[in-house]
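Down below is the structure, laid out as structure tokens.
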Number of protein chains: 2
Amino acid sequence: MNKVSTREQIITAADELFYEQGFEHTSFSDIANIVEISRGNFYYHFKTKDEILAAVIQHRVIKTQAMLDKWENDGDTPLARIICFVNILITNRSKIKLYGCPVGTLSNELAKLDHQLLNEANELFSLFRDWLKKQFLLLGQASHSDSLAMHVLAFSQGVATLANAFNDENFIKQEVKRMEQWLNDLKTTTKV
Amino acid sequence: MNKVSTREQIITAADELFYEQGFEHTSFSDIANIVEISRGNFYYHFKTKDEILAAVIQHRVIKTQAMLDKWENDGDTPLARIICFVNILITNRSKIKLYGCPVGTLSNELAKLDHQLLNEANELFSLFRDWLKKQFLLLGQASHSDSLAMHVLAFSQGVATLANAFNDENFIKQEVKRMEQWLNDLKTTTKV
DNA sequence: GTCTATAACTGGATAGAC
DNA sequence: GTCTATCCAGTTATAGAC
């Protein structure tokens, strides 16, 4: 069992708190309390709050890329892989119900703060978008692969937002079923 | 030309700032600067920040109800009325691109703050949900009118979130077209 | 109803001892 | 690498003059 570095502990704690409480609402004390270090020590590892945010985003990018790579292997067909994506809504439903989607909510918070790291945060969306686009290309939807990728991404965002607002996990299941049906229909038609 | 009361001016300014900057990020000074009153005077009108938030939500509820009533009159058929709803995305696209949906983003922010007025904010979602449900009932979709209402609501949320993240107004137009097509198809089939 | 002054507190950030 | 002590700016909120 390796010892986890303080820096890593800070990133993990901040990652979670930024999701659950929002970036701005999370203070250095909040993070320091979880990691059980003093606020002063904090500054040895990160000089500014933005530095922590940058590290958290970087951490999420790496985790996301690893997840996409895993789906790439797990799914036998492009359709199966897209359904892997759709199913994260089910897997993460209890947290989504409480806090929404980690990607969408951070992106929106930073947009309202007019924060300089907004573009970096939106990179997470691009990872999903490009990956989905690739799958739709393989599905033979060459002419509108990007449009379909955006549609599936928008679907996931809408479901997360409403599941959060109405505190409703069942709604997630219902909509995922609808989306799977739509994806299956897509295979057999060429409708835009 | 009637003089607008200071109280009303505060509510209008707060309404806008909460949308553009978020609730927590907006300070009393921000609002006071716009209304051009001192921070001290502020407390004559509202004792706490939560009181302003409550007034802003109440204000939005009234505006929303008026808008729904207007659509009720403007649209000749239930389908036309639902399309009125979908088209707010087009009408408000420039602001949505910058700040997302005012309903969804406030709801999510308050959820993360674990704020006591979260339920009041979510009432805005319920207004739309119930109104849409009514239209789908009239469309003859008795058995899943609520599920369809939620689907259309989720659609609007997803589109707003992605339009904001990717700074893309065109995406809004594209998805609205897709939704209108889907609504038209719904009339002729009984597919869930 | 509006103002100034100020209290009470919290947040991010620094300096320097250990 | 970790700590305590401290600074400074910004925020909510109050008291009291005009």
Side-chain angles (χ1 to χ4, degrees), chain A residues 1-59 106 109-110 112-118 120-121, chain B residues 1-57 106 109-110 112-118 120-121:
Chain A
M1 197 92 111
N2 281 325
K3 195 170 157 266
V4 182
S5 74
T6 304
R7 192 192 152 86
E8 284 176 85
Q9 286 184 61
I10 291 174
I11 294 174
T12 307
D15 189 3
E16 219 173 306
L17 287 175
F18 289 172
Y19 177 34
E20 297 176 0
Q21 309 187 339
F23 167 67
E24 197 174 30
H25 190 61
T26 300
S27 70
F28 282 20
S29 310
D30 290 338
I31 305 172
N33 282 342
I34 290 187
V35 184
E36 290 181 314
I37 56 170
S38 71
R39 266 185 306 162
N41 183 5
F42 212 101
Y43 287 88
Y44 173 78
H45 300 282
F46 295 96
K47 268 147 211 61
T48 66
K49 201 179 178 184
D50 288 355
E51 258 185 45
I52 310 174
L53 178 58
V56 165
I57 292 172
Q58 192 50 36
H59 183 235
L106 179 65
E109 183 180 0
L110 297 186
K112 296 208 190 227
L113 299 181
D114 205 11
H115 197 286
Q116 47 169 347
L117 289 175
L118 173 61
E120 278 77 357
Chain B
M1 196 92 112
N2 280 324
K3 194 170 158 264
V4 182
S5 74
T6 304
R7 191 192 152 87
E8 284 175 85
Q9 286 183 60
I10 291 174
I11 294 175
T12 307
D15 189 3
E16 220 173 304
L17 287 175
F18 289 172
Y19 176 36
E20 297 177 359
Q21 310 187 336
F23 167 67
E24 198 175 30
H25 191 63
T26 301
S27 70
F28 281 21
S29 310
D30 291 337
I31 304 172
N33 283 341
I34 290 186
V35 185
E36 291 181 311
I37 57 170
S38 70
R39 269 180 305 159
N41 183 5
F42 211 101
Y43 286 88
Y44 173 79
H45 300 282
F46 294 96
K47 269 149 211 59
T48 65
K49 201 178 176 184
D50 287 356
E51 257 184 48
I52 310 175
L53 178 58
V56 166
I57 292 172
L106 179 65
E109 182 179 2
L110 297 186
K112 297 212 190 226
L113 299 182
D114 205 11
H115 197 285
Q116 48 169 347
L117 290 175
L118 173 61
E120 278 77 357

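When reading the values below, keep in mind they use all heavy atoms of this one structure, side chains included, and skip hydrogens, waters and symmetry mates. First the proteins, then the strands, lettered A, B, ... as listed; each starts at 1.
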Handout entry: Atom-to-atom span, CZ of B/Arg39 to P of C/dT4 - whole angstrom
Key = 10 Å

Problem - A/Tyr43 OH - D/dT2 C1' separation (whole Å) - result: 15 Å

Practice task
Give the rounded distance in Å between these two atoms: CD1 of B/Ile31 and C1' of D/dT11.
Solution key: 12 Å

Fill in the blank from the handout: To the nearest angstrom, the CZ-C1' distance between A/Phe23 and C/dG12 comes to 11 Å

Handout entry: Contacts of type side chain to side chain donor-acceptor pair (under 3.5 Å), residue A/Gln21, not counting sequence neighbours
Key = A/Thr26

Handout entry: OP1 or OP2 of C/dC3 under 4.0 Å from side-chain N/O of B/Asn41
Key = yes

Practice task
Would you classify A/Ser27 as touching base, sugar-phosphate or nothing, given that sugar-phosphate means primed atoms plus P, OP1 and OP2, and contacts are heavy atoms under 4.0 Å?
Solution key: sugar-phosphate

Completion exercise
Between NZ of A/Lys47 and P of C/dA13 the distance, given in whole Å, is 12 Å

Practice task
Consider the side chain of A/Lys49, meaning its heavy atoms from C-beta on, and name the nucleotide among C/dC3, D/dC3, C/dA13 that approaches it most closely.
Solution key: C/dA13

Practice task
Compare the minimum distances between each of C/dT2, D/dT12, C/dA13 and the side chain of A/Phe28, then state the nucleotide with the smallest one.
Solution key: C/dA13

Exercise for the section: Using whole Å, report how far CD1 of B/Ile10 lies from P of C/dG1. Expected result: 11 Å

Handout entry: NZ or CZ of B/Lys112 within 45° of A/Tyr19 ring axis and under 6.0 Å
Key = no

Practice task
Ignoring backbone atoms, establish whether B/Tyr44 has a side-chain N or O less than 4.0 Å from OP1 or OP2 of C/dT2.
Solution key: no

Exercise for the section: Compare all side-chain heavy atoms of A/Val35 with those of A/Phe42 and state whether any distance is below 4.5 angstrom. Expected result: no

Problem - B/Leu117 to B/Leu110 - nearest heavy-atom pair and separation - result: O-CD1, 4.0 Å

Exercise for the section: Rounded to the nearest angstrom, tell me the gap between atom CG in B/Asn33 and atom C1' in D/dT11. Expected result: 13 Å

Practice task
Please work out if A/Thr26 contacts a base, only the sugar-phosphate, or nothing of the nucleic acid, heavy-atom cut-off 4.0 Å.
Solution key: sugar-phosphate

Completion exercise
The nucleotide from C/dT2, D/dT12, C/dA13 with an atom nearest the side chain of B/His45 is C/dT2

Practice task
Rounded to the nearest angstrom, tell me the gap between atom CZ in B/Phe46 and atom C1' in D/dT12.
Solution key: 16 Å

Problem - Under 3.5 Å: donor-acceptor pair, side chain of B/Gln9, backbone of B/Val4 - result: yes

Exercise for the section: Give a yes/no on whether any side-chain N or O of B/Thr6 is located under 4.0 angstrom from OP1 or OP2 of C/dG1. Expected result: no

